Amino acid sequence: MRASIILPLTGDPERTLRCLAALAELPETPEHEVIIVDDASVGLEGLFARLDGDVRIVRSARRAGLANALRLGIDAARGDTLVLLNGPLVVGPGFLEALLNVLGDPRSTVATAGDAAPVAAPALACRAADLSAAGGVPSAPDSFVLAAVCATLARVGSVEAVAAAQPETAARLGGCRRPPGERVELSIVIPTLDAAGDRARACVAALQVCTDAPHEIIVLDNGAPPQGFTAPVNAGLRAARGDYMVVLNDDVEVLPGWWPPLREALESGATVAFPLTIDGAMRADFAAWCFALSRATLEEFEVAPGEFLDPSLVVWYQDTDLLERLRAAGRPPRLVRESRIRHGLSETVASEDPALRAWIARQVRADQAAFEAMHGTAVAGAAR
């Protein structure tokens, strides 16, 4: 077996189908196998059931991330050469041959797909022995894993960009970017302690791939100095231009098809709607790490002009306060099971800064006292 093509998948049936169809059209020579790493994917079982030929599936029960998913695929690979994809790409018939031809030169250790800078390549090929000797796939945020492989192997040989192996671009695959000036249907508000951190980048990347509606993303960095949760959310909602709004923790990853069911729930009368969390803890009454509302709800349930969440609850208990207000009005939040997300419970308030952690702990205690003064002690607080 000359080459092993390793394809990690998390969802997006349409792009996955196009990718698999393109891989099926690769010529039999150079000899190759395709290893799919099912990284706790959603919506792909029907596609997997239809696969045949020289395709193997390796499964991860929980989301492993790109680096770990590639490692799982490499462990199962039988090829002397590894072709690592960072997701479902549509490749041309000459993709594999063009990459392997470059590696025919012993001075080359990496061949990257496309004519962009190698560190930005969506796929690469390398010798299995070279990568193993270098310690395997380095740990890195998903968007930098292939760049880290390039940097590691560049120490022992050259890295060559291969224009003839250019995959179809994301724009041609039907990306969700919209023309300037288009009406905004949806405003997505994301408070974060670190707007440049891995969590926020992964959250925004998932939104960009999976949100097929005119939308804007409003990211509010509330870490320095700390502002808590309520203030940035209220500020983001004031800035929102959309007919609908979603408040989203930065440790949430939306999945394909997440928005239309929430919109339908709001259009059919839900005051607040929230999706099903499929990977992580779930609350059936109100999982407030991702919730949607209409502009009418925003105006009806604000506690003061421009303040949707109660400003007296700075870090914690805002969601439970909102839940109690909605229940009192006879209009509790609606769980929409057709909309699905993943969530890293309580990662939003995780910080490596001891001073910030201490501030959060103090403020949580103060918020608890304020909440109990309003609602008593019989209402359980919601985890975030």
Side-chain angles (χ1 to χ4, degrees), residues 10-11 40 42-43 63 176 185-193 195 197-213 215-220 222 229-230 232-237 240 242-267 270-295 297-298 301 308-309 315-323 326 332-350 381-384:
T10 59
V42 175
R63 183 71 186 276
C176 299
E185 174 182 307
L186 172 64
S187 298
I188 303 164
V189 176
I190 307 172
T192 177
L193 291 173
D198 292 346
R199 285 200 307 273
R201 288 203 305 267
C203 177
V204 170
L207 287 167
Q208 290 174 330
V209 169
C210 300
T211 310
D212 193 13
H215 66 277
E216 63 181 358
I217 299 174
I218 304 170
V219 178
L220 302 105
N222 61 344
F229 184 82
T230 296
V233 168
N234 285 343
L237 292 174
D243 300 324
Y244 302 99
M245 286 136 281
V246 166
V247 177
L248 191 68
N249 282 19
D250 69 354
D251 52 3
V252 167
E253 176 192 354
V254 300
L255 297 171
W258 74 284
W259 168 240
L262 293 177
R263 179 181 59 213
E264 291 167 12
L266 296 173
E267 289 175 345
T271 304
V272 168
F274 62 101
L276 179 69
T277 302
I278 65 164
D279 189 1
M282 177 60 196
R283 289 179 55 124
D285 56 352
F286 188 26
W289 40 84
C290 176
F291 67 91
L293 63 151
S294 67
R295 188 159 293 280
T297 295
L298 180 69
F301 283 89
F308 180 68
L309 299 180
V315 172
W316 215 262
Y317 292 94
Q318 313 91 336
D319 48 359
T320 313
D321 172 71
L322 175 59
L323 173 60
L326 294 172
R334 182 186 301 178
L335 169 60
V336 181
R337 296 182 178 276
E338 296 79 12
S339 174
R340 292 174 291 182
I341 61 170
R342 292 190 174 99
H343 176 230
L345 185 63
S346 294
E347 290 182 7
T348 294
V349 294
R384 186 169 14 252

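Here, residue 1 is the first one in the sequence, and each next residue gets the next number. Note that the structure is a prediction, hence the values are computed from the model and not measured.
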For N249 and F229 the tightest heavy-atom approach is OD1-CE1, 3.6 Å

Nearest heavy-atom pair of I218 and S187: which atoms, and what distance? CD1-CB, 4.4 Å

CD1-OG distance between I278 and S339, expressed to the nearest 0.5 angstrom: 10.5 Å

When rounded to the nearest 0.5 angstrom, what distance separates NE2 in H215 from CD1 in I188? 5.0 Å

Between S294 and L266 the two heavy atoms that sit nearest each other are N-CD1, 4.2 Å

Classify the ring geometry of H343 against W289: parallel below 30°, tilted from 30° to 60°, perpendicular beyond 60°. parallel

Looking at side-chain heavy atoms only, is the closest gap between I217 and Q208 below 4.5 Å? yes

If we only count heavy atoms from C-beta on, is the D243 to R295 side-chain gap below 4.5 Å? no

Test item: N234 and Q318 side chains (from C-beta on) under 4.5 Å apart, heavy atoms: no

Is any side-chain heavy atom of V247 less than 4.5 Å from a side-chain heavy atom of L237? yes

If you look at every heavy atom in A206 and E253, which pair is closest and at what distance? CB-CG, 3.6 Å

Quick check for you: to the nearest 0.5 Å, what is the distance between D250 atom CG and L220 atom CG? 11.5 Å

Which heavy atom of M282 sits nearest a heavy atom of P275, and at what distance? CE-O, 3.7 Å

Measure from the side-chain N and O atoms of T297 to the backbone N and O of T271, and report whether any donor-acceptor pair falls under 3.5 Å. yes

Shortest non-hydrogen contact from V254 to C210? O-SG, 3.8 Å

The reported gap from CG in L326 to CG in D319 (rounded to nearest 0.5 angstrom) is 11.0 Å

Supply the atom-to-atom distance M245 CE to E216 CD, rounded to the nearest 0.5 angstrom. 9.5 Å

Test side-chain contact (heavy atoms from CB on, under 4.5 Å) on W259 and E185 and set out the steps. CA-CA 11 Å; W259 168 240; E185 174 182 307; 2.7 Å; yes

Any non-hydrogen side-chain atom of V246 less than 4.5 Å from a side-chain atom of W258? yes

Are the side chains of F286 and L322 in contact, using a 4.5 Å heavy-atom criterion? yes

Which distance, rounded to the nearest 0.5 Å, do you find between the CZ of R263 and the CG of L186? 9.0 Å

Taking side chain as C-beta onward, heavy atoms only, is L248 less than 4.5 Å from L207? yes

How about L293 and F308: do any of their side-chain heavy atoms sit closer than 4.5 Å? yes

